[in-house]
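Chain identifiers are assigned alphabetically (A, B, ...) following the order of the sequence lines, protein sequences preceding nucleic acid strands; residue numbering begins at 1 within each chain. When reading the values below, keep in mind they use all heavy atoms of this one structure, side chains included, and skip hydrogens, waters and symmetry mates. Just so we're clear, the structure is a prediction, and the values are computed from it rather than from any experiment.
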Number of protein chains: 2
Amino acid sequence: MKGHEPGRITIGEAARLTGVSAKMIRYYESIGLLPAPIRAESGYRTYGAADLHTLRFVRRARDLGFSMEAIGDLLALWRDRSRSSAQVKAIALDHVAALRRRIAELEGMAGTLSDLAERCCGDERPDCPILDDLAERPDAGTSPRP
Amino acid sequence: MKGHEPGRITIGEAARLTGVSAKMIRYYESIGLLPAPIRAESGYRTYGAADLHTLRFVRRARDLGFSMEAIGDLLALWRDRSRSSAQVKAIALDHVAALRRRIAELEGMAGTLSDLAERCCGDERPDCPILDDLAERPDAGTSPRP
DNA sequence: CCTTGACCTTCCCATCATGGGAAGCCCCAC
DNA sequence: GTGGGGCTTCCCATGATGGGAAGGTCAAGG
């Protein structure tokens, strides 16, 4: 079917051109994130320029860590000419806040753990403040003690 | 069976005392992270003081973001009197490095996205640099442009 | 003694985004 | 017409967790 319906390509080519795997393209279709594409007579999915544009959009949104749900919302706004930029901004800022919360969590862990590692001599002897802490610490704070 | 084998408690009490859910205790047992506990005649799992100690260890390691696999290694070292602290420190430092890599990724996302959001006026008009970027950005870098 | 309610057991299913793989059809080049 | 690679669908797995059903057990109270 290649080059038979003009300019429409197969899923594998779409995957190569957009950086979204063929598996994922089918998955996004199955969860309703992407519309079902036109099929060739063979049953093969065929994608046109607009579809590739959408796939790249999804790919970039994933690279920014958006959830599938948020990407669905962003796609809908993208297609909606009467959207307000405030709606888009709200989704983006929510996500930034979630990212910053997650970063703070991970920094707590990394801080605690590198404090402990610093106090561990790391030689052939068994004594180790890291294990002592895991075994004895009264409770589960992840922030480095002040 | 409570108070019948001395000092041994049920899974629900162990969960309450350690902050690890009963579901998770069974799961950890099923994947071989924890040894199978002594069963009462009824078939109920019973836990003693040493088991609680282990459960708290696991809980704290999870709070620090260690994977199950790493926790298995840490538990083995904890029980091994002939361990070297260097082994423990290596696991901890690997994890710190992984945490810092992840933090850098998330910061890249948050940075890019808050840059974009800052340039989005966020009013009732549809024009939005965030959507423009998702739709047009040449490729998927997540670092804020320098 | 029997009921009630809380607790335990096992087993299965769902999440989220992704990959792996099998069985079978299709297309193109030789 | 044959071979190889690409496409289809369908099922399974991940990691760590929760939800829930069906059925056994225990302790307290009538």
Atom [atom1] of [X] and atom [atom2] of [N]: how far apart are they, to the nearest Å?
X	N	atom1	atom2	result
A:Y47	D:dG6	OH	C1'	14 Å
A:E41	C:dC25	CD	P	18 Å
B:Y44	D:dT25	OH	C1'	4 Å
B:R45	C:dT10	CZ	C1'	9 Å
B:I11	D:dT25	CD1	C1'	15 Å
A:R8	D:dG6	CZ	P	21 Å
A:E13	D:dG5	CD	P	16 Å
B:R26	D:dG15	CZ	P	21 Å

Under 4.0 angstrom between B:S42 side-chain N/O and C:dC8 OP1 or OP2 = no
Would you say D:dG6 has OP1 or OP2 under 4.0 Å from some side-chain N or O of A:T10?
-> no
State, with a plain yes or no, whether a side-chain heavy atom of B:R8 is found less than 4.5 Å away from one of B:D51.
-> yes
Heavy-atom side-chain contact between A:Q87 and A:D73 under 4.5 Å | no
Residues forming a ring pair (Phe, Tyr, Trp, His ring centres under 6.0 Å) with A:Y47, sequence neighbours excluded = none
Within the side chain of A:R56, is there an N or O that forms a donor-acceptor pair under 3.5 Å with the backbone of A:T18?
-> no
Axis-to-axis angle between the two ends of the helix from C:dC1-D:dG30 to C:dC30-D:dG1 (five base pairs per end, rounded to 10 degrees) = 30°
With sequence neighbours excluded, tell me which residues meet salt bridge (charged side-chain N to carboxylate O under 4.0 Å, His left out) with [X].
X	result
A:R125	A:D123
A:R45	A:E29
B:R102	B:E105

Start with the C-alpha distance between A:L74 and B:L134, add both sets of side-chain angles, then the distance that settles side-chain contact (heavy atoms from CB on, under 4.5 Å), and finish with yes or no.
-> CA-CA 9 Å; A:L74 290 170; B:L134 287 171; 4.1 Å; yes
Please state whether the rings of B:W78 and B:F57 are parallel, tilted or perpendicular, taking 30° and 60° as the class boundaries.
-> parallel
Going 5' to 3' through nucleotides 14-21 of chain C, assign each nucleotide B (protein heavy atom under 4.0 Å from a base atom), S (under 4.0 Å only from sugar-phosphate atoms) or - (no protein heavy atom that close).
-> ---BBSBB
